S.K.: 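Got a structure here, written out as structure tokens. Questions coming.
Computed from a predicted structure; not experimentally measured.
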Amino acid sequence: MAAVSATSIRFGSTFRTASWSSNQTGGRISNVKLVSMGISKRILPSLRSPHFHICCAAKPETVEKVCEVVKKQLALKDEIVLTPDSKFSALGADSLDTVEIVMGLEEQFGITVEEDNSQNITTIQEAADLIEKLVQQKAEA
Amino acid sequence: MLPLHSNSLARRPFASPLPLPPASLPSPRETHIWYVVPDELKDASLLYQYMELLSPCERQSVLRMNGERLQKGALLARALVRTTLARYTDGRLSPKSFKFQKNRFGKPEVEWDKYDLWAPPPLQFNISHTSTMIACGVTLDLPIGIDIEEKQRKTSNNILSLAHRYFSPVEVAYLKTLADPECRQSEFIRLWTLKEAYVKALGRGFSGTPFKDFTIRLEASNSKQVTGELKSDAPSIVVEAVDDPGILMNRWQFALFELNNSHYTAVCMERDVKNPADGENNSLKLEVWRTLPFVEDECVTETDAVKNIIR
């Protein structure tokens with residue numbers, strides 16, 4: 001049965017966290033919206049769990065490339081372990097870092113990220129998912 | 001990695017922190033800025049004292065940061081906000097007692113309790129940090145945004161690529177006039193801090209107020225603004241909507257300066273219309289302190305630590 005990851009978490013929380021410093025809700029996912037994948041809300045389990053993955057989740061190679069871009073932009077030392085669930089805000093990315101990461105990813109993958117799409121990525125996994133979606137759309141165009 | 005576990009902190013004995021010296025409230029056109037340099041903190045026991053000030057939620061947020069350096073930064077940021085605000089309550093509120101909420105756009109603000117015999121001052125604040133400095137700006141009842149960036153910050157992408165993507169046409173044109181790459185680099189960073197400070201003052205943050213929709217620039221002296229008031233001689237920083245150029249958004253005033261010789265700092269504050277200046281210069285006033293909470297405070301307003309101020 002298809003399950004959907006919470007990919008529409010408002011980017012607001014990353015920028016907000018980055019810009020406003022730490023927030024009271026900590027890492028709790030807020031403002032979750034459904035990605036319009038033609039899947040009815042009724043049949044989905046709670047979207048607040050981070051453990052559901054979209055049936056076409058990004059390939060490990062994509063995730064790894066995203067990690068590389070992020071590590072380079074944020075000048076992360078090797079001791080920092082990046083996982084797909086790593087949140088940009090927890091890596092100390094501010095809004096300038098985030099736009100640079102987006103531009104770096106665009107360059108790596110040959111895609112263009114619309115501003116409202118870039119609002120929806122707060123973790124490595126979400127970035128990778130979006131990239132693969134855009135790469136696929138470009139191939140189909 | 002510092003063992004910053006909540007459980008061990010609750011039971012760890014330490015000397016009570018020295019009381020924070022009280023501070024006078026900001027006046028209507030003033031922004032007070034308190035900043036911390038994380039590298040100045042050498043005493044690990046101070047980190048435990050700071051941790052004690054935080055709410056359980058804040059502690060969890062700190063511990064969720066990836067790595068010791070980021071955890072220390074997040075901890076200092078919360079400690080700075082709490083200790084700074086406490087200074088303005090005349091000893092009545094401890095740093096630990098503050099509660100915070102978010103406005104509808106996600107901007108943190110103080111959630112004041114109701115007291116029978118005392119009205120807490122309507123403080124507004126905003127915070128910004130880099131890995132080498134954390135700054136907190138405070139006003140009395142006026143929306144404020146602050147942003148700091150290291151002067152030496154380099155961008156991975158080409159400046160004009162970034163500008164074309166995220167800045168307004170007027171701002172891009174301005175950056176293009178700067179032939180020297182270093183000059184262009186630093187002007188980009190300064191303009192970025194101004195734009196960040198503005199969206200933070202508005203309360204909607206980067207995602208709520210696209211950078212492309214507004215221009216920040218210097219307005220030449222002796223020109224009339226929409227209100228018909230003559231401006232002072234020095235050029236001033238103004239903001240206008242890209243869709244409505246020439247109509248300056250007078251509500252907002254700015255200051256841009258260098259802090260501690262290391263950071264460009266931008267402050268944006270709402271103009272206080274309840275207390276209009278009588279013919280005198282009504283630009284934004286700054287008071288700045290370098291602090292290591294519970295250890296040392298130093299007023300640096302008239303020193304070399306605050307220079308090259310543009311308003």
S.K.: Measuring from atom CZ of B:F211 to atom OG of A:S95, what distance do you get when rounded to the nearest 0.5 angstrom?
M.R.: 5.5 Å

S.K.: Can you tell which part of B:S131 gets under 4.5 Å to a heavy atom of chain A, answering side chain, backbone, both or neither?
M.R.: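 Contact with chain A is absent: no heavy atom of B:S131 under 4.5 Å.
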
S.K.: Quick check on B:E150: does its CD atom have over 12 non-hydrogen neighbours (other residues, nucleotides or ligands) under 6.0 Å away?
M.R.: yes

S.K.: How close do A:G92 and B:M65 get, counting heavy atoms only, and between which atoms?
M.R.: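 What the structure gives for the nearest pair is N-CE, 4.2 Å.
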
S.K.: Are A:E100 and B:T155 close enough that some pair of their side-chain heavy atoms sits under 4.5 Å apart?
M.R.: yes

S.K.: Within the structure provided, determine whether B:S156 and A:K72 are in side-chain contact (heavy-atom separation under 4.5 Å).
M.R.: no

S.K.: Looking at B:K212, I want to see if its NZ is surrounded by more than 12 non-hydrogen atoms of other residues, nucleotides or ligands under 6.0 Å.
M.R.: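 Correct, the count exceeds 12.
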
S.K.: Closest heavy-atom contact between A:L91 and B:N66?
M.R.: CD2-ND2, 3.5 Å

S.K.: At a heavy-atom separation under 4.5 Å, does B:R153 approach chain A through its side chain, its backbone, both, or neither?
M.R.: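 Side chain only.
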
S.K.: Please classify the contact between B:L80 and chain A as side chain, backbone, both or neither, with a heavy-atom cut-off of under 4.5 Å.
M.R.: neither

S.K.: Side-chain contact test, heavy atoms from C-beta onward, threshold under 4.5 Å: evaluate it for B:T130 versus A:D94 and give yes or no.
M.R.: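 The answer is no, as the side chains (C-beta and beyond) never meet within the 4.5 Å cut-off.
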
S.K.: Where do A:V102 and B:R165 land on the side chain to side chain contact (heavy atoms under 4.5 Å, CB included) test, with the steps shown first?
M.R.: CA-CA 11 Å; A:V102 168; B:R165 180 80 179 266; 4.1 Å; yes

S.K.: Roughly how far, to the nearest 0.5 Å, is the NZ atom of A:K77 from the CZ atom of B:R69?
M.R.: 6.5 Å

S.K.: Any side-chain heavy-atom pair from B:F188 and A:L96 closer than 4.5 angstrom?
M.R.: yes

S.K.: How about A:Q108: does its CD atom have over 12 heavy atoms from other parts shown lying under 6.0 Å from it?
M.R.: yes

S.K.: Please say whether more than 12 non-hydrogen atoms of neighbouring residues, nucleotides or ligands are located less than 6.0 Å from CD in B:E182.
M.R.: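 Open: at most 12 neighbouring heavy atoms sit under 6.0 Å from CD of B:E182.
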
S.K.: Heavy-atom cut-off 4.5 Å, strictly under: side chain, backbone, both or neither for B:L162 against chain A?
M.R.: both

